[in-house]
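For reference, the structure is listed below as structure tokens.
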Amino acid sequence: MKEQYVISIMSHDGIGIVQAVSHAINALGGEIADLRQSVLRGYFTMILLAAFDSSTTAPAIRERLARVRVPGIPPLEVSVIAAAEDAAKEEANPLANAYVLTASGAQQAGLVAKVSALCAENGINILDLSTAVAQGRYIMILIVDPGPLAGDIGQLHHKLERFGAEHELTLVLQHYDVFRATNEVGIR
Amino acid sequence: MIQPEQILSTVSMIQDEHLDVRAVTMGIDLLDCRGADASQTSRGIQAKIRRYASRLVATCDAVGSRYGIPVVNKRLAVTPISDVGAGFDSAGLVRIARALDEVAAEVGVDLLGGFSANVERGITLADQALIEAIPEALCATRRLCGSVNVGSTRYGINLDAIGKLGHTIKALAEGSKEQDGFAAAKFVVFTNQPTDIPFMAGAIHGSNQPEVVINVGVSGPGVIANALKRHLAQAQRDELGLHDLADVIKRAAFRVTRCGELVGRQVAAELGIPFGVVDLSLAPTPDVGDSIGEILKILGVDAIGAPGSTAILALLNDAVKKGGLFASQSVGGLSGAFIPVCEDRELAEAVRQGSLVLEKLEAMTCVCSVGLDMIALPGSVDAGTLAAIIADEMAIGMINDKTTAARLIPVPGKEAGDFVAFGGLFGESAILPVRNVGQSARLIAYGGRIPAPLHSLRN
């Protein structure tokens, strides 16, 4: 019987972290099912889903990964939690009903807080989020699941327009398919 | 996963560069609407249009909202009325015209095309009745558009028809003189008219088309102009050739076309109607930053109409097609760059300044779609001269095996250099001078046909 765990790793960035972590998981008899890794301004973060024998506990995994050493990098920050059963299932197409929300403003301060509050209040789930600076404006790019408002995108557009006017932000919401259509050769 | 910079450039196409879907046009076959008289036929037509098109506008708006790409115009194209109304007299055809206009308003579309006939090889009694009905039909209606195909590479040019249509255009302008001859802007004369055009005034639903179909016209001069500007700002000038700029245009056209294809297919799917074609035309609007003229200037002429303008337009037209062709499963309609003078701020300005003249426009239409489009002319130009201008344009289409069209507006009471404004997408322009007025009367008086060229014999 296998148990699924979600493991998150944070540290300074450097060469060999993924190798060291995956090696330690293998050593515990774990199998990695899914993984995302990102680097932000010299800092590394990774989230992964792995299956272990039921005899392997969360504290044991955390303890083993905390002992991982990568030359030139301080010890890793590690969190481990048991995964829900349905996490084991691969999502068919997580972006099939996704929208891209871009928010831009002249001020950086509070941008993420304002836009994420808007999402939370309207039941909009953020699937992916990054920030950028272009032409002197601060920009958030969110890939979102509009949740309860998916059936009435017109209403959501109105809400975004009102919110944008109130907070001096430009908010644009478009279905993810537009970005696939204009940036990928195969769309079907 | 799409990268952030790709997302930002796509958002910018719509927010800052005027990308939209210019027209979603539903083509509907009306041949089975024929009744015993014009009234019964009109009722049948209205019932059928209601049945298919009542959800068109709402569906386009919903899909446009989902993708964040506005569908600017929702339109209908119908079977040429000379076929549907064959046997009715002109009064009966005007009755049908009014019925079409009413039902177009009812379903909320801005224009309906198809008050049309094909006379490329000869005029039937039905065509004759339709041509006679055109002035009243288009002056008495708001949304109805008409077209007559007078020639083709296969069958040559019907000069008799062109002679009649010179008078038709004069009558359209006179009948709408309160609106500066606007009714003439709803009428276009073609050679090699395609049967799946989504753009007006030339949209029809030909007899080779399915029962009902969704065709899409894309736009995006602003997207192309901005792509060129960005590229020029980043690149070293001395390393750039026109072939590099053609490549930039191709890539921008690919993205523009993809948006049209996506929106069109989704509208068709939600209405349960087959998808027809994307028309890869580069169609300007009078908005700032949505101009073909601006692209010509970026590509190297300081005045539109200066020597080199035709060469640039040839490059542009070709690159748009190459980029768009791969982006769409099925391409059709006119597919090329339009140069409608009134509808393009920069072209209209070039006319006002005198750098762009009728003869240069005619030359430019040899290498692009569609023809002498939205050209305001002095109201004093006679029907014979209008017919001769049309004949020249049709000859270009016939010999070059391409579509050409003429949408000429002889503005009543105005002369060259005066200004005319039609409003909205129809735009505004100074009135172009016509040289050698009245010098072509003998040509038109000959009538008959200009025989099809040698290359019509392909078998």
Side-chain angles (χ1 to χ4, degrees), chain A residues 36-38 40 91 93-104 127-144 146 149-161 164 169-188, chain B residues 1-17 19-21 58-71 216 218 220 223 226-227 230 233 250-266 269-270 275 278 323-329:
Chain A
R36 296 280 183 281
Q37 181 232 288
S38 185
L40 176 79
E91 290 171 76
N93 180 5
L95 298 173
N97 296 307
Y99 282 73
V100 176
L101 173 63
T102 50
S104 66
L127 305 173
D128 191 90
L129 166 59
S130 58
T131 59
V133 180
Q135 291 160 356
R137 285 176 73 81
Y138 296 94
I139 301 167
M140 279 174 78
I141 302 166
L142 304 94
I143 298 177
V144 299
L149 288 172
D152 191 353
I153 292 300
Q155 194 202 341
L156 185 50
H157 278 297
H158 288 306
K159 284 188 175 211
L160 294 175
E161 211 167 291
L169 299 173
T170 307
L171 297 166
V172 181
L173 182 79
Q174 293 173 274
H175 198 282
Y176 190 73
D177 281 351
V178 174
F179 299 89
R180 294 189 61 204
T182 51
N183 291 288
E184 293 178 355
V185 169
I187 54 167
R188 290 186 190 86
Chain B
M1 187 72 89
I2 314 289
Q3 297 302 308
E5 58 271 23
Q6 294 174 311
I7 288 179
L8 294 179
S9 90
T10 298
V11 170
S12 166
M13 275 168 47
I14 293 147
Q15 293 300 304
D16 311 323
E17 299 168 8
L19 173 73
D20 52 45
V21 172
T59 305
C60 288
D61 288 343
V63 171
S65 172
R66 186 180 316 150
Y67 294 126
I69 303 171
V71 177
V216 168
V218 297
V223 177
N226 276 289
R230 268 196 305 274
K250 267 162 61 181
R251 277 180 274 143
F254 174 87
R255 305 182 81 201
V256 168
T257 307
R258 268 295 167 82
C259 290
E261 171 103 355
L262 180 69
V263 169
R265 283 191 179 277
Q266 194 60 37
E270 292 191 13
F275 182 73
V278 174
L325 193 61
F326 184 60
S328 171
Q329 194 184 65

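Not measured: the values here are computed from a predicted model. Protein chains get the first letters and strands the later ones, always in sequence-line order, with residue 1 at the start of each. In what follows, every heavy atom counts, from backbone to side chain, and hydrogens, waters and symmetry copies are set aside.
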Exercise. Taking everything shown except A:Arg36 itself, do over 12 heavy atoms lie less than 6.0 Å from its CZ?
Worked result: no

Exercise. Quick check: are there more than 12 heavy atoms from other residues, nucleotides or ligands sitting under 6.0 Å from CG of A:Asp152?
Worked result: yes

Problem set entry | Among B:Ser9, B:Cys259, B:Ser65, residue most engaged with chain A (heavy-atom pairs, under 4.5 Å) | B:Ser65

For this session: Heavy-atom pairs under 4.5 Å with chain A are the metric here; pick the option from B:Val256, B:Thr257, B:Val11, B:Asp61 that has the most.
Result: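 If we count pairs closer than 4.5 Å to chain A, B:Val11 comes out on top.
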
How long is the straight-line distance from [atom2] of [Y] back to [atom1] of [X], given to the nearest 0.5 Å?
X        : Y        : atom1 : atom2 : value
B:Leu262 : A:His175 : CG    : NE2   : 8.5 Å
A:Leu156 : B:Arg66  : CG    : CZ    : 13.0 Å
B:Leu8   : A:Ile141 : CG    : CD1   : 4.0 Å
B:Tyr67  : A:Tyr99  : OH    : OH    : 8.0 Å

Problem set entry | Contact summary for B:Arg255 and A:Thr182, nearest pair of heavy atoms | NE-O, 3.1 Å

For this session: Kindly give the heavy-atom pair with the smallest separation between A:Glu184 and B:Phe254, and that separation in Å.
Result: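 Closest heavy-atom pair between A:Glu184 and B:Phe254: O-CZ, 4.2 Å.
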
For this session: Check whether A:Leu173 gets within reach of chain B through its side chain, its backbone, both or neither, counting any heavy atom under 4.5 Å.
Result: backbone

Exercise. Taking C-beta and beyond as the side chain, do A:Val178 and B:Arg258 meet within less than 4.5 Å on heavy atoms?
Worked result: no

